[in-house]
Amino acid sequence: MPRPEDSQWAVSVAQVASRPGQSKPIDTVFPAPGGIGDDIVGVTEGADVRVVGSFDSIVDGLVFTGRIEAPLTAECTRCLKPIDPDWTVNVTLFFPYDAPGADDGRGNGEVEIIAGEDEAEDVYPLSSDGAFADMESPLRDTLVEALPLQPLCKEDCLGLCPQCGVDLNEDPDHHHDVTDIRFAALEQFKARLEAEERRG
């Protein structure tokens with residue numbers, strides 16, 4: 001069984017897990033985890049993902065507050081041009097000292113999360129001895145859930161002409177009058193009928 005410290009996403013937190021009030025800054029580059037649906041998410045497996053922030057200890061665990069930065073490779077959903085923006089999201093993650101559902105000593109089988117749902121968006125377990133926080137799941141979840149599914153090359157992207165596909169960003173005055181549109185539709189209809197006759 002692999003050890004937590006051997007994971008390429010592991011962060012040593014033993015020095016801040018000893019008592020509340022401790023803090024550990026982090027500014028590290030991790031490889032993007034696999035299984036994130038590269039074609040949809042737009043972040044290639046193994047790409048450099050930067051994590052910047054700090055682990056702060058509270059009574060029940062560690063709270064990570066910071067940001068995740070990833071290189072996004074995708075197509076603009078309006079004009080279909082390739083875009084390569086740097087993408088950043090702010091996150092707050094909670095790493096409890098006991099795994100969720102473990103007996104907390106009061107017999108109720110749950111861990112009290114002092115950070116609360118308003119402060120900690122997601123909960124991830126520490127290693128069994130509390131010495132390492134594994135960032136693999138937080139990175140995967142963040143990349144899948146928070147990345148834009150419909151990225152644009154720019155906020156005011158005009159997209160493509162629905163009639164002929166001309167890039168309206170390069171030719172914003174491009175237009176078709178009603179006669180052109182009707183003529184094009186008629187030509188398409190004729191071509192379809194001729195194709196059906198040839199098959200039939």
Query raised in the report: Any side-chain heavy atom of L62 within less than 4.5 Å of one from Y97?
Result: yes
Requested in this report: Compare all side-chain heavy atoms of M135 with those of L93 and state whether any distance is below 4.5 angstrom.
Outcome: yes
Query raised in the report: Taking C-beta and beyond as the side chain, do W87 and L143 meet within less than 4.5 Å on heavy atoms?
Result: yes
Query raised in the report: Do D167 and L158 come close enough that some side-chain heavy atom pair is under 4.5 Å?
Result: no
Query raised in the report: Going hydrophobic residue to hydrophobic residue with side-chain gaps under 4.5 angstrom, can you get from V16 over to V52?
Result: no
**Report entry** Beyond-backbone contact of L168 with L160, side-chain heavy atoms, under 4.5 angstrom
**Finding:** no
Query - Test log, rule side-chain contact (heavy atoms from CB on, under 4.5 Å), inputs V11 and F132 - result: CA-CA 5 Å; V11 177; F132 292 91; over 6 Å; no
Query raised in the report: Do T92 and V63 come within less than 4.5 Å of each other through their side chains, counting heavy atoms only?
Result: yes
**Report entry** Test item: V123 and P96 side chains (from C-beta on) under 4.5 Å apart, heavy atoms
**Finding:** yes
Query - Value rounded to 0.5 Å, distance of NE2 in H174 from SG in C161 - result: 3.5 Å
Report summary line: CG of D134 to OG of S127, rounded to nearest 0.5 Å, is 9.0 Å
Report task. Look at E69 together with R67 and state whether they make a salt bridge at an N to O cut-off of under 4.0 Å. Result -> yes
Query - Those residues that, when tested against F55, pass ring pair (Phe, Tyr, Trp, His ring centres under 6.0 Å) (two or more places apart) - result: F64, F95
**Report entry** Heavy-atom side-chain proximity of T142 to V144 below 4.5 angstrom
**Finding:** no
Query raised in the report: Measuring from E197:CD to R192:CZ, what's the distance to the nearest 0.5 Å?
Result: 12.5 Å
Query raised in the report: Do the charged groups of R140 and E45 touch, with an N to O distance under 4.0 Å?
Result: no
Report summary line: Taken to the nearest 0.5 Å, the spacing of E75 CD from L152 CG works out to 12.5 Å
Report summary line: In terms of heavy-atom contacts, V13 and A133 come closest through CG2-N, 3.9 Å
Counting only pairs under 3.5 Å, give me each side-chain donor-acceptor contact of residues 22-36, with atom names and distances, residues two or more places apart or in other chains.
unit_1 : atom_1 : unit_2 : atom_2 : d
S23    : OG     : D56    : OD1    : 2.7
K24    : NZ     : S12    : O      : 3.4
D27    : OD1    : R50    : NE     : 2.9
D27    : OD1    : R50    : NH2    : 3.2
D27    : OD2    : R50    : NH2    : 2.7

